Every structure is written in structure tokens, then in C-alpha cells.
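Worksheet: the structure to be examined is printed underneath.
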Amino acid sequence: MKIQDTLSNTEKELDISKKVKIYLCGVTVYDESHIGHARTIIVFDVLRKYLDSKGVEVEFIQNFTDIDDKIINRAQTENTTAKIISTKYINDYFKDFDELNVKRATNYPKATEHIEDIIKFIEKLIEKQVAYITKNGVYFSISKFPEYGKLSKKKIDELLSGARIEVDEAKKDPLDFAVWKFSDGEPVWNSPWGKGRPGWHIECSAMSTKYLGENFDIHGGGRDLIFPHHENEIAQSESFTGAPFAKIWVHVGMVTINGEKMSKSLGNVKSIKHVLENWGSNIIRLFCLSGHYSKPIDYSEELLKESLTKWRQVETCYYELIHANSKNHEEISSKIKKIGLEFDNALDDDFNTHLALSAFFQLVKEANRLAAEEKLGKDDAQIIKTEFERMLEILGLTIPKMTEDEKQKIDDLIASREQLRKEKQFEDADKIREKLNEMSIELIDHKENTIWMKKENIKAEN
RNA sequence: GGUACUCUGGCAGAACGGUUAUGCGUGGGCCUGCAAAGCCUAUACAAGGGGGUUCGACUCCCUCGGGUACCUCCA
């Protein structure tokens with residue numbers, strides 16, 4: 001499997017002959033998660049499920065930044081503690097992402113629970129003389145890391161001319177960044193240098209090393225983390241170990257709204273909760289996977305509607321497959337195999353989920369075609385269903401399960417409708433159909449039989 | 001201002017130095033008691049502008065322009 005690496009700007013082969021170790025920069029828990037977070041995390045979720053499906057063991061670490069100025073500010077305005085704020089939003093996070101059918105990470109380390117590790121990390125940086133102490137805190141000295149800027153492809157003098165860097169006379173270089181900030185206010189921890197709290201970037205260096213070792217396979221996050229976050233992580237970690245940090249850097253493009261970035265100031269942030277309520281998890285996942293992960297994707301009703309159309313086809317396909325009972329038959333196994341290969345090839349080639357989805361929809365179309373032509377036999381359906389379910393699992397799409405009781409009830413209603421139709425009592429027959437519609441059950445009349453499908457209720461559709 | 005990425009038909013989005021992408025949408029049809037769903041079929045002569053290389057460029061090179069992101073916290 002090849003993946004584009006931001007650092008070398010080339011495609012790199014991911015070694016799947018042994019356990020794959022992934023570190024994903026998660027969220028700062030000071031507010032609701034939004035659709036941008038969802039995209040990054042869903043992309044990594046599919047990557048992970050794909051590796052799972054190939055039998056590759058994956059260790060997946062995703063941090064929570066639970067100490068940060070924004071959390072503290074929020075706590076102050078709400079007259080509460082940072083701990084309460086971060087706990088609340090971590091709970092919200094799990095609620096949202098469980099509903100999005102994202103598999104839980106191997107571990108979700110939190111900055112506040114790794115202060116010891118962070119302090120040890122900083123101690124070594126000081127020992128190696130790449131970090132120094134000022135009256136404000138402990139700073140990493142970028143002049144001690146000659147390769148600074150290699151990830152973001154920035155030159156140090158160009159960064160300086162950006163002129164938007166706050167001046168701190170105590171720092172040796174304006175670009176030096178804090179690994180430890182002195183502070184008296186809560187929350188606060190003791191350190192060998194004085195009371196305070198960790199800087200932002202240090203937690204990821206300390207925690208990734210702790211859980212995954214010095215050199216792991218993939219380090220990822222949103223594109224906006226390339227600078228300064230990941231650049232600084234590289235500087236710290238490679239200074240610490242003297243060895244290369246992550247093997248492959250993967251960055252997921254931004255979600256824009258009408259071509260603009262989502263931001264609080266523009267007031268265009270779409271929370272996951274809100275979008276879930278209107279569209280549900282399947283549509284969101286299809287939407288997030290509809291473009292190449294590295295490119296921006298524009299959030300629009302039109303695109304979501306397109307995903308909805310596709311989802312309806314998928315639902316139909318599923319119910320055609322489980323009800324298939326045609327006596328006719330068409331040889332399809334080689335075709336299905338080919339589509340499955342296309343799906344895998346797409347993902348192997350820099351994780352092209354758009355092409356993988358089109359392979360998936362080809363499969364759906366093939367099944368629906370056979371059903372329409374009354375040629376979907378039980379055995380054929382089984383062959384297609386195996387492949388269909390494999391893809392569904394990797395993409396993280398879910399078709400709601402129904403109880404046997406519900407199914408029986410539906411079958412009974414269909415049987416009485418059939419009777420009425422035979423007796424040409426169409427008005428009464430249609431009443432039953434309407435009644436089923438109200439239960440989100442849609443009937444599909446085939447020549448030989450009538451089958452039903454349960455349509456997911458999508459609020460935005462109404 | 002700098003840096004990175006990007007610019008394909010109404011929208012989304014591929015491949016490839018020379019062949020129809022594909023999907024959504026739209027038109028028509030099939031199926032049906034009627035619907036719905038689904039299927040079939042037709043439909044776009046697209047490549048930001050300008051140059052160049054080439055027998056031939058959407059694909060390579062140069063240049064101009066547009067967009068987004070980053071340069072400050074951000075997935």
C-alpha cells in the first residue's frame with residue numbers, strides 16, 4: 001500500500017508485514033466536534049478498517065489535548081474547572097464518534113495524565129541543550145535543529161518576515177516555542193523548573209514515543225497541523241532521539257463551507273451533532289470519503305444529497321440480496337472478483353476512497369441489475385453479499401438490524417396485500433402499502449415476489 | 001508579502017502523451033393494476049488564459065491568472 005508522505009513529498013510504501021503503528025493528532029476538547037474533525041477521523045478509521053480486513057495488526061493512538069489556553073478560558077467564562085470542561089467534551093466526542101461508527105483507538109492518551117512523561121522528555125531536551133529556561137518557561141531552541149522547516153517547506157527567515165509572531169524578549173529566537181509555560185493559576189503542575197503546564201506540541205512527542213516507540217509508521221492529522229504543530233513535534237522528537245520520527249506523514253484536507261474554511265468567527269461551523277441529526281452517520285461517511293483525503297472538500301447540500309442517493313441504492317441492494325430467490329441465474333463471480341480487486345487497488349494507491357466507492361457502487365449496481373432482470377439467484381446473491389459486506393465493513397457503513405418479530409409482521413402484511421391484489425382489491429392493497437411506508441418500509445414488487453426494504457429515516461430528506 | 005496545494009463538462013471526480021472515464025443531474029423507455037424502487041438508454045464534444053516541446057498534450061515545460069490553506073490557536 002502506497003501513501004503520500006508530506007515530509008518527503010513522495011509516495012511511500014506502508015510496511016504491512018508487521019504491526020502497523022499509527023499516531024493521529026486528535027482534538028482539543030474545549031468545544032463540540034465538527035464535521036472537519038469528522039473527516040480526518042473517518043479517513044483514518046477507514047484506513048484502519050482496511051488494514052484490519054487484511055489481517056494486519058494495527059496499534060492506533062489518538063490523543064486528547066485536555067490542557068490548553070482555550071480550555072482554561074472556557075472554564076473561566078463558565079465559572080468552572082478545566083477538568084470539568086475537558087471531561088464534558090471528551091464524553092461528547094465519544095458520543096459523536098460512536099454514532100459515526102468509528103472504531104475506538106487502541107488508546108486515547110491525555111496530556112494531563114502524562115505530565116511525568118512530558119517532564120522527563122523536557123529534561124532530556126535541556127540536557128541535550130536544545131531547550132533553555134527563561135523567566136516565562138522552557139523553550140525549544142529552533143537554531144539547534146538545522147532541519148527546522150523541513151515538513152512545512154518553510155525557510156526560517158521567511159517565517160520571521162511573516163511578522164505575526166508575538167515578541168517575547170526572553171526568547172533567544174522569536175520562533176522558539178514553549179515546551180513548558182510557567183504559571184500559578186490552575187491547573188498547574190510542579191516541575192524541576194517551576195510551577196506551570198506543558199506547551200502544546202510536547203504532549204504528542206512524549207506520548208507518541210511512549211506508546212509507539214521512537215520510529216513508527218504513520219503520523220497524521222489535519223493539514224492545518226503541518227505548521228507549527230507537526231513541524232515542532234519533529235524538531236523536539238528528532239532532537240530527543242537523534243533518529244527520524246514518523247515514517248509517513250499523512251495530512252487530511254480541510255472541510256470548507258461554500259469554499260471557505262469553517263471558523264468560529266465566520267459562524268459557519270457545522271457540529272457533528274447537528275449534521276448527524278439531519279443526515280445520519282452513513283451519509284456523513286460517504287460524504288467524507290467522496291473526495292481524495294488530501295484535498296479540500298466543500299460541505300454542501302448538493303453533495304450530501306448525492307451521497308443520500310447513493311445510500312438509497314445501497315439499501316436497495318442489501319435488501320435485494322437478502323431476499324434473493326430467483327430461479328434464473330447469471331454467471332457473475334468473476335465480475336464480482338474484479339470489482340473487489342478494483343476496490344483494493346484504489347485503496348492501495350494512496351488511499352483513493354473516491355475510486356474505492358465507485359467500485360463499491362458498481363457492485364451495488366450489478367446486484368440491482370440482476371434483481372431488476374429477475375436473475376438474482378440465492379447462490380449468486382451469496383457471492384455478491386460476501387463482497388458487499390466486506391466493503392460495507394471497511395467503509396464503516398451500517399444497515400440497521402431488524403428483529404425477527406418486526407420481519408414477521410412485515411411478511412404478514414405483505415401476504416395479505418398479495419391476497420388483496422389477487423382479488424383486484426387495489427384500494428385496500430394500497431392502504432397496506434401506505435401503512436408500511438409509515439413504518440419506513442418500502443415495498444419492491446418483482447414479477448415473482450414482493451420484497452421489502454427498511455429505509456433509514458433521513459431528516460434532511462423531508 | 002512568503003510558502004504549499006489546487007484549477008477537467010451543471011455538480012462531484014479519474015486515467016492516460018494519441019482510444020467513451022465514471023457517478024450525480026437531466027430527457028426518453030422498461031417493469032407495475034397504479035406507484036415506488038430499480039434497471040436500460042440518450043445526453044456533455046470538457047480541460048483557467050497564453051506560449052512552448054512533440055507527428056500528436058487534458059496529460060511534459062515556461063508564464064500569467066483564479067481559488068484554498070498555512071505563516072497565530074485550529075482536524
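First the proteins, then the strands, lettered A, B, ... as listed; each starts at 1. From a predicted model like this one, the values you see are computed outputs, not experimental measurements. The basis for the numbers below is simple: all heavy atoms, side chains too, and nothing from hydrogens, waters or symmetry mates.
In this structure, rA14(B) forms no base pair with any nucleotide, since neither Watson-Crick nor G-U wobble geometry is met with both distances under 3.5 Å. Look at rU53(B): it lacks any Watson-Crick or wobble partner with both distances under 3.5 angstrom.
Among the atoms of the strands shown, none is found under 4.0 Å from any heavy atom of Lys424(A). Residue contacts shown for His34(A) include a base, since a base heavy atom lies under 4.0 Å away. Note on Lys295(A): only backbone sugar-phosphate atoms sit closer than 4.0 angstrom, heavy atoms only; bases stay farther off. Using a 4.0 Å heavy-atom cutoff across all strands shown, Arg223(A) reaches no nucleic acid atom at all.
Crowding of Lys409(A) atom NZ: a count of heavy atoms from other residues, nucleotides or ligands under 6.0 Å not exceeding 12.
Between the side chains of Glu203(A) and Asn63(A), a donor-acceptor pair is found at a separation under 3.5 Å. With no hydrogens or angles considered, no side-chain donor-acceptor pair links Gln362(A) and Glu366(A) at under 3.5 Å.
Evaluation of atom-type donor-acceptor distances gives no pair under 3.5 Å for the side chain of Asp298(A) against the base of rG67(B). The base of rA35(B) sits within donor-acceptor range of the side chain of Arg433(A), with an N or O pair under 3.5 Å.
The same atom, C1', is picked in rU19(B) and in rC58(B); the two are 14 Å apart, to the nearest Å. As rounded to the nearest Å, rC71(B) and rU63(B) have P atoms that lie 27 Å from one another. Taking atom P in both rG23(B) and rU54(B), one finds a spacing of 39 Å when rounded to whole Å.
With sequence neighbours excluded, no residue forms a side-chain contact (heavy atoms from CB on, under 4.5 Å) with Lys365(A).
Nearest-nucleotide positions on RNA chain B place Glu373(A) closer to the 5' end than the other of Glu373(A) and Gly26(A).
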